[in-house]
Amino acid sequence: MLSPPPSESEEVDPWERPTAEVLSGVSALLAERGLSIDIEALRLELEGSAGGPADLSVPLHRVARQAGRDPAELAGELTKAWPTRGSTLNASAKGAYLNFDAEPNQLAATTLLLIGLRGEKYGFLRPTATSVCVEHTSANPNGPFHIGRVRNAIIGDTYARILRAAGHPVTVHYYVDDVGRQAAVISWIWSKPRAEWPPAALATLPTGSDGPALNEKPDHYYGRPYPAVSALLKEDASLAADLGSYAKQVEEGRAPPLHRELSAKVLDGMLASLARLGIRYDELVWESRFLGDGSVDKMIARLKAAPHAVQEENGAWAIDATGYGLPQESSRLIFTRADGTSLYATRDLAYHESKFAAFPRVIDVLGADHLLHSRVLSALLTEIGEPRRPEFVFYQYIQAPGGSKMSTRAGTAVYLDDLLDEAVSRAHTEVLARREDLDDAAVDQIAEAVGASAVRYSILRVAPDKPVQFRWEEALSFEGRTAPFLLYSYARATTLLRKAGRLEPPYPSEAGQLVAPEERRLVRTLSRLPGVVRYAARTGHVHSLATYAHELADAFHSCYQAVPVLRAGAERESRIALVAATRTTLGTTLDLLGLARPERM
RNA sequence: GGGCGCGUCGCCUAGCCUGGAUAGGGCACCGGGUUCCUAACCCGGCCGCCGGGGGUUCAAAUCCCCCCGCGCCCGCCA
């Protein structure tokens, strides 16, 4: 990277100065009239006014009313009082609003200068020392991903990217459950000789095969018997008991080597799918670690000493949860089974204590089905005297096409691998139809980028707490508000710049001649990225960045259509600089969303 | 039954945290655009009063209450 991190004093946002100017200017003018306004509230108000009728707008209803004055009249008065000299903003009154518009040439100059200086780091905020641990995905290694679960990984990965851009050192965890009963099912069945497999389980394997077919990923192959076996376990008590004793061995660290081996293989297959979406982890945290290092035992000891610890008649230990506001107040939070083994919540507690020891901020991305668990965790943290809490980001599951829950067993699951393959294959067709000049390798590369990005964006564009139904047509759509629209915008900018003979970000002095409405709209959109990053980092609304990406690409496509660049006269250099700024900014936005940035399409 | 989330044009969706100016986009549909930097594009048109009711407020898609619909959860599973 060309660009060093910004120093404390360095500007990162073109709106920083104008906002400060309005805050101090308006409060000074009001003070002269014996009025006051809440600066912090106004700051938020201004942040939210981007995209409105004015660049920065101050509603005066409240202040005026408190002073018994007519808002519109006050707005007019303040407009006249606003210093015309020394200000980069034009003040105007519209009804009760005191509006400020940045002078377009000034805004273009500031924005392009900033993008030129920061390069690929434009959009990044000032660094902070507060490190964050983001845990996401954490799906059990017992079979391939389906779309319902993968929303977690996509949201979590994007949030981690955004937090990094917001200046945090970020560590991403995948918590791998290799301990509980669910985790034991796979190795338990595969550790048995084939002759001992229940027929229903055996029937899930391809006939005559002895191992994974060459073209079948390990998560798919070893995951084959899982649905059938878990169904059998619900009906067959002796089978369940057999699994129980196997699971106890696992928890006690006496599992056959096959256990860890299969967990790792299946996980590898799952991670390979996620890697196609650009998702990677800093650390795989194996749950068994907390059993091995004694931290679960220590946690159990702490829980037994907790204020509301009770032992059940059969020997299990629990926390009396009455008073924690959980549903079914009379129920108890069991933390050791009758046989003395630990439960998921107990181990998760040990894991969280290890996270708190290393990170000031801890974020967990969880499906809506884990809401109660998060409350249980909080209650248990209180019990052990831990004041800190993770920040939870919840998302609703993606439902199967019919509207039912996505379930492997019910056959309603849509697998990530299948969706990716289909998307890439469709992208391949599209590329071939448009580009006869490319060689096979180039076509493949573009198709992979377009297909994978389309899948990722189709999930990212919707607010996490919105329940959505999966639809093939939507996930595979390549037009309108989709990733290909964004990627195409980037590819267009890149091609244009290549023809112009330079791909670098703009130079400081080049913003002079951007006067077309399309150009001014594009500049405004470019100027907003740092604000969008700040908002997304603060709220966890990663989809707001997805929305922004579309607005940026849209503004560029319009501009591209309306304003010639290479054939332009005096404006040529300014326009090339604008395209360069767009390419840089859009590239960063695509990176933050985990989408590809193809040089051509 | 209880808890939580969601309910915005024919379909999908932003805005709801921080109440404020004619509620933004996309798909579909209709009509235009390629002797010119990639038409996975652009321009225009059509379409909603924000699930229903009540309340707070100068002002409610946004806050509060009730109701309806959908989803998730309520294991010594994870």
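Computed from a predicted structure; not experimentally measured. A note on names: the letters A, B, ... follow the listed sequences, proteins ahead of strands, and every chain is numbered from 1.
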(message) What is the distance, to the nearest angstrom, from the CG atom on A:L545 to the P atom on B:U13?
(response)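 Rounding to the nearest Å, CG of A:L545 and P of B:U13 are 19 Å apart.
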(request) Please tell me if the side chains of A:Y490 and A:E599 come closer than 4.5 Å, counting only heavy atoms from C-beta onward. (result) yes
Please determine whether a side-chain nitrogen or oxygen atom of [X] lies at a distance below 4.0 Å from atom OP1 or OP2 of [N].
X: A:R434; N: B:C41; value: no
X: A:R65; N: B:U57; value: no
X: A:R600; N: B:A40; value: no
X: A:K466; N: B:C12; value: no
X: A:K405; N: B:C73; value: yes
X: A:Y395; N: B:C72; value: no
X: A:H543; N: B:G15; value: yes
X: A:K234; N: B:C77; value: no
X: A:Y488; N: B:A40; value: yes
X: A:S57; N: B:A21; value: no

So if I take every side-chain heavy atom of [X] and compare against [options], which nucleotide ends up nearest?
X: A:P564; options: B:G5, B:C37, B:U13; result: B:C37
X: A:P467; options: B:U13, B:C6, B:C76; result: B:C6
X: A:M601; options: B:C12, B:C42, B:U38; result: B:U38
X: A:H550; options: B:G26, B:A78, B:C42; result: B:G26
X: A:R461; options: B:C42, B:C12, B:A40; result: B:C12
X: A:A463; options: B:C72, B:A14, B:A78; result: B:A14
X: A:R347; options: B:A78, B:A40, B:C42; result: B:A78
X: A:A54; options: B:A21, B:A78, B:C42; result: B:A21
X: A:P53; options: B:A78, B:A40, B:A21; result: B:A21
X: A:D465; options: B:C6, B:A78, B:G71; result: B:C6

Looking at [X] and [N], is any side-chain donor or acceptor paired with a base atom of the opposite kind under 3.5 Å?
X: A:N99; N: B:A21; value: yes
X: A:Q396; N: B:C6; value: no
X: A:N314; N: B:C76; value: yes

(request) With RNA chain B as reference, determine whether A:V565 or A:E474 sits nearer its 5' end, using the nearest nucleotide of each. (result) A:E474
(message) Judged by each residue's nearest nucleotide on RNA chain B, which is more toward the 5′ side, A:E313 or A:A41?
(response)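 Nearer the 5' end of the strand: A:A41.
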Just checking, any donor-acceptor pair under 3.5 angstrom between side chains of [X] and [Y]?
X: A:E251; Y: A:S342; value: yes
X: A:H370; Y: A:D364; value: no
X: A:Y351; Y: A:R289; value: no
X: A:T494; Y: A:R583; value: yes

(message) Less than 4.0 angstrom from a charged side-chain N to a carboxylate O is my criterion; do A:R43 and A:E40 meet it?
(response) yes
(message) Just to be sure I understand the rule, does A:Y535 reach a base, reach only the sugar-phosphate, or reach nothing, if contact means heavy atoms closer than 4.0 Å?
(response)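 Answer is base: heavy atoms of A:Y535 come under 4.0 Å of a base.
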(message) Using a heavy-atom cut-off of 4.0 Å across all strands, would you classify A:T539 as base, sugar-phosphate, or nothing?
(response) base
(request) With P as the reference atom in both, quote the distance from B:U57 to B:G44 in angstrom, rounded to an integer. (result)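 Approximately 43 Å lies between the P atom of B:U57 and that of B:G44.
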(request) Could you tell me which nucleotide pairs with B:U56 by Watson-Crick or G-U wobble geometry, both distances under 3.5 Å, or answer none if nothing does? (result) none
(message) Need the pair for B:G1. Rule: Watson-Crick or G-U wobble, both distances under 3.5 Å, any strand; none if unpaired.
(response)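 Looking at the geometry, B:G1 pairs with B:C74.
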(message) Parallel, tilted or perpendicular: which one describes the rings of A:H373 and A:Y344, with boundaries at 30° and 60°?
(response) tilted
